[in-house]
There are 2 protein chains.
Amino acid sequence: MSDAATAVLVVEDEPQIRRFVCNALRDDQCQALEAGTATGGLEIVAREPVHLVILDLGLPDRDGISFIRDLRNWSAVPILVLSARSAEQDKIEALDTGADDYLTKPFGVGELRARVRALLRRQQQRVDAGAVHVFGDVAVDLSRRIVTRAGAEVHLTQREYHLLAVMVANTGRVMTQRYLMNQVWGPGHSQDSHYLRVYVGRLRQKLEADPTQPHYILTETGIGYRFQP
Amino acid sequence: MSDAATAVLVVEDEPQIRRFVCNALRDDQCQALEAGTATGGLEIVAREPVHLVILDLGLPDRDGISFIRDLRNWSAVPILVLSARSAEQDKIEALDTGADDYLTKPFGVGELRARVRALLRRQQQRVDAGAVHVFGDVAVDLSRRIVTRAGAEVHLTQREYHLLAVMVANTGRVMTQRYLMNQVWGPGHSQDSHYLRVYVGRLRQKLEADPTQPHYILTETGIGYRFQP
DNA sequence: ACCTTGTTTACACCTTTTTTACATCAACTG
DNA sequence: CAGTTGATGTAAAAAAGGTGTAAACAAGGT
């Protein structure tokens, strides 16, 4: 079900359990990202394309429920909660705040993996493994992080590539400036949309035949942008 | 989360548990449908619009796993499995066959309801994402914010699109000028109905075959407008 | 110190929205 | 039935606001 291009973030403070969970996921060919704190976890979701979050409710720096609430303000990524607390009220609270599943410790690694597969199956905007997105003479290889134009490789900086990756993942859809800012610069920069204008300009410069009249990265005035091959 | 129009099918052979589950759901304002056999359950899903299936794996007429496999051949409706079997292998098999959640008996009614709400919340997002309104050669994709006419894309400004979206949402109904002004320009502009005339004109120009004799956006003199595909 | 990348600023340019003016239509009334 | 009146349709302007680009500055790594 899951593939190499699927990124799962594990937010868990105990290194031992974190290792354990990450290894279980890697067997399923997921890319496992790790965070030891709630704050660190939010930053990663904001910066990287994450397809599933596995969250331990007992974090040192912050309440797990408030983590869910915070994340749900700007992301719809599925959340699987791990918790030592088995009381019904805890489960209800987590699920109603926005979690998609709740697994009580101790749990079997097989069940965890099956539930992860079930959640990822539901996830719509998953990117196919090794899928190379081609438009015109440009090709974007998301799994290898390589962009070529007319066969020659185009060098993109980290921000440029991240922005392009978000756009490719949302092909055909209108993306608000707010959404793009959250995805690429993280929450807290929703206002600074001039970053976006600069970087969209640079991408057009590198990818469009005529940067003055873009054919791929289209402007939706007053809203944001749309990527259309 | 769930509303009166949400239909949940409970497939369970023990009448006592079936009653118990159905009552729990009705408290959440779901419409609960019931089936005592796998065959009966499949028939109901085929006939009625069902938003969620709650399935007991231990059915008299048929294996629960084969029920899931059968259903998944032609339906993507979310499935929540109830089972007395708590072995890990049973959970893995059900989830990998196509179930979305697995709850072991005995379970708390609060947890069941919370998991139902979580599944319906996800389902609702999918429904919203797929809504495309078609009339004549025009198609309005509300989730992607794209309007096409005869296959070609029609560029709409923010106000134009907002106005069209309100009209599409009230298809067939008469909308007063006051209502439309409130929806698109916000309260405080109820008087400036000349905005409306300008923008209705622009929408007709872009969407109607003959803007002079509109077929979709009709004028209700003295009242407002009506959108009729 | 140099090079690359990311951030910030400034300004010219373009789109959208609002405003205005006038033409047209429909209904009513004498 | 023609004229009047109020409501609606269209076109083109002025105003407001958003966007594109270049270039300077800051930060970080080699």
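These numbers were taken from a predicted model, which means no experiment stands behind them. In the text below, chain A, chain B and the rest are named by the order of the sequence lines, each starting its count at 1.
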> What is the distance from CD1 of A:Ile223 to P of C:dT15, rounded to the nearest Å?
Replying inline: 15 Å
>> Is the phosphate of C:dA27 approached by B:Thr221 (side-chain N or O, under 4.0 Å from OP1 or OP2)?
In response: no
> Going by atom types alone, do B:Thr219 and B:Arg204 pair a side-chain donor with an acceptor below 3.5 Å?
Replying inline: yes
> Which part of the nucleic acid, if any, lies within reach of B:Arg197 when heavy atoms closer than 4.0 Å are counted: base, sugar-phosphate only, or nothing?
Replying inline: base
>> Regarding C:dT7, can its base be found pairing with the side chain of A:Arg202 as donor and acceptor, where the two atoms are less than 3.5 Å apart?
In response: yes
>> Categorize B:His189 for me: base, sugar-phosphate, or nothing, with a 4.0 angstrom heavy-atom threshold over every strand shown.
In response: nothing
>> Taking NE2 in A:His194 as the centre, count heavy atoms belonging to other residues, nucleotides or ligands within less than 6.0 Å. Is the count above 12?
In response: yes
> Starting at the 5' end of DNA chain D and moving along, which residue's nearest nucleotide shows up first, A:Tyr225 or B:Thr212?
Replying inline: B:Thr212
> For C:dT7, does OP1 or OP2 lie under 4.0 Å from any side-chain N or O of A:Trp185?
Replying inline: yes
>> For B:Gln213, is there any backbone N or O sitting under 3.5 Å from a side-chain donor or acceptor partner on B:Glu208?
In response: no
>> What's B:Gln158 touching, base or sugar-phosphate or nothing? Going by heavy atoms closer than 4.0 Å.
In response: sugar-phosphate
> What does A:Val198 touch in the nucleic acid at a heavy-atom separation under 4.0 angstrom: a base, only the sugar-phosphate, or nothing?
Replying inline: base
> Just to confirm, is there a sub-4.0 Å distance from OP1 or OP2 of D:dG9 to any side-chain nitrogen or oxygen of B:Gln205?
Replying inline: no
> Would a distance-only check, ignoring hydrogens and angles, find a side-chain to backbone donor-acceptor pair under 3.5 Å from B:Ser75 to B:Arg72?
Replying inline: no
